[in-house]
Q: 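Dropping the structure in here first, questions after.
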Amino acid sequence: AHTCPIACPQELDEVRRWERARDVRPLDGNVRRWGGLLLPNNPPYNTGAFRFELTFSPNHPFEPPCATLRTPIYHPSVDLEGRVCQPLTTHAEWKPATRAIQVLEDLLLQLDGPDPRRLLRPDVARELQERPEEFRRRAEEHTRLHAEPRPDP
């Protein structure tokens with residue numbers, strides 16, 4: 001029997017109704033891979049939209065999904081491959097009741113407020129702490145060059 005709750009359209013509908021994401025859909029018709037655009041609230045990222053991918057394990061919901069950013073971002077918690085330091089999706093923290101929208105809300109909170117304890121790029125984190133103006137300038141420039149245009153509300 002197929003017990004994978006990702007097939008549940010409710011979770012996808014819930015994410016599609018969320019105002020901080022756009023264009024959310026299964027990729028290549030695969031219900032275990034969703035893509036869409038995240039819309040950060042805060043500078044230096046709120047001038048662009050960032051494409052994300054959410055990949056669900058065949059054992060979902062007993063194993064956490066994996067969120068990656070497909071749009072390059074200058075951020076201490078996102079590595080150059082787009083992997084995100086997200087405690088919520090570690091095996092230690094994951095709860096089967098956690099929903100996809102909570103993973104994306106957590107990701108957005110992290111983009112909006114970089115947390116020095118969630119590090120994948122120590123050099124960028126150090127810059128954020130020691131030279132915040134320079135960090136902001138670089139992140140703004142990076143967003144201008146790489147992020148997608150924000151869709152109309």
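Hydrogens, waters and symmetry mates play no part in the numbers below; they use all other heavy atoms, side chains included.
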Q: Only counting residues at least two apart or in another chain, list the ones meeting side chain to side chain donor-acceptor pair (under 3.5 Å) with R144.
A: E141
Q: Which residues pass the side chain to side chain donor-acceptor pair (under 3.5 Å) test with E127, sequence neighbours left out?
A: Y74, R138
Q: Walk me through it: do V31 and F56 pass the test side-chain contact (heavy atoms from CB on, under 4.5 Å)?
A: CA-CA 8 Å; V31 292; F56 298 90; over 6 Å; no
Q: Check whether D28 reaches the backbone of N30 with its side chain - one donor and one acceptor, N or O, closer than 3.5 Å.
A: no
Q: Ring-plane angle category for F135 and Y45, please: parallel below 30°, perpendicular beyond 60°, tilted otherwise.
A: perpendicular
Q: Identify the heavy atoms of P44 and E140 that sit nearest to each other, and give their distance.
A: CB-CG, 3.4 Å
Q: Determine whether L37 and L104 fall in the same hydrophobic cluster, where Ile, Leu, Val, Met, Phe, Trp and Tyr are linked whenever their side-chain heavy atoms lie under 4.5 Å apart.
A: no
Q: Could you report the tightest heavy-atom contact between V124 and P76, atom names first, then the distance?
A: CG1-N, 3.7 Å
Q: What pairs meet the side-chain hydrogen bond (donor to acceptor under 3.5 Å, both in side chains) rule with one or both residues in residues 88-97, with sequence neighbours excluded?
A: none
Q: Is any side-chain heavy atom of L108 less than 4.5 Å from a side-chain heavy atom of N41?
A: yes
Q: Among all residues two or more places apart in sequence or in another chain, which pass the side chain to side chain contact (heavy atoms under 4.5 Å, CB included) test with E53?
A: L27, R33, T55, T68, R70
Q: When clusters are formed by joining ILVMFWY residues with side-chain heavy atoms under 4.5 Å apart, either directly or through shared neighbours, do L39 and L12 land in the same one?
A: no
Q: Is R99 reaching over with its side chain to a backbone N or O of E11, donor-acceptor style, under 3.5 angstrom?
A: no
Q: Name the orientation class of the two ring planes belonging to H142 and H146 (parallel below 30°, tilted from 30 to 60°, perpendicular beyond 60°).
A: tilted
Q: I'd like to know if the side chain of Q110 reaches the main chain of C85, judged simply by a donor and an acceptor atom lying under 3.5 Å from each other, with no hydrogens or angles considered.
A: yes
Q: About how many Å separate CZ of R16 and CG of D23, when rounded to the nearest 0.5 Å?
A: 9.0 Å
Q: Do L111 and H75 have side chains that get closer than 4.5 Å, going by heavy atoms?
A: yes
Q: Looking only at heavy atoms, what is the nearest atom pair of T71 and A147, with distance?
A: CG2-CA, 3.7 Å
Q: For E148, which residues count as a side chain to side chain donor-acceptor pair (under 3.5 Å) partner, sequence neighbours excluded?
A: R51
Q: Considering non-hydrogen atoms only, spot the tightest contact between P151 and A49 and give its length.
A: CD-CB, 4.3 Å
Q: Using side chain to side chain donor-acceptor pair (under 3.5 Å) as the criterion, list what pairs up with N59, not counting sequence neighbours.
A: E63
Q: When you check the gap from the basic side-chain N to the acidic O, do R20 and D112 get nearer than 4.0 Å?
A: no
Q: Does any N or O in the side chain of R83 come within less than 3.5 Å of the main-chain N or O of L80, such that one atom is a donor and the other an acceptor?
A: no
Q: Do L54 and L109 sit in one hydrophobic cluster, given that two such residues count as connected whenever their side-chain heavy atoms are within less than 4.5 Å of each other, even indirectly?
A: no
Q: Find out if a path of hydrophobic residues (ILVMFWY) with successive side-chain heavy-atom gaps under 4.5 Å connects L88 to L69.
A: yes
Q: Assess whether side-chain contact (heavy atoms from CB on, under 4.5 Å) is satisfied between V15 and I101, documenting all intermediate values.
A: CA-CA 5 Å; V15 171; I101 191 160; 3.9 Å; yes
Q: Kindly give the heavy-atom pair with the smallest separation between A67 and Q86, and that separation in Å.
A: CB-OE1, 3.7 Å
Q: Heavy atoms only: give me the nearest P96-F62 pair and the separation to one decimal.
A: CG-CD2, 4.0 Å
Q: Treat each ILVMFWY residue as a node, draw an edge where side-chain heavy atoms are under 4.5 Å apart, and state whether W18 and F52 are in one component.
A: yes
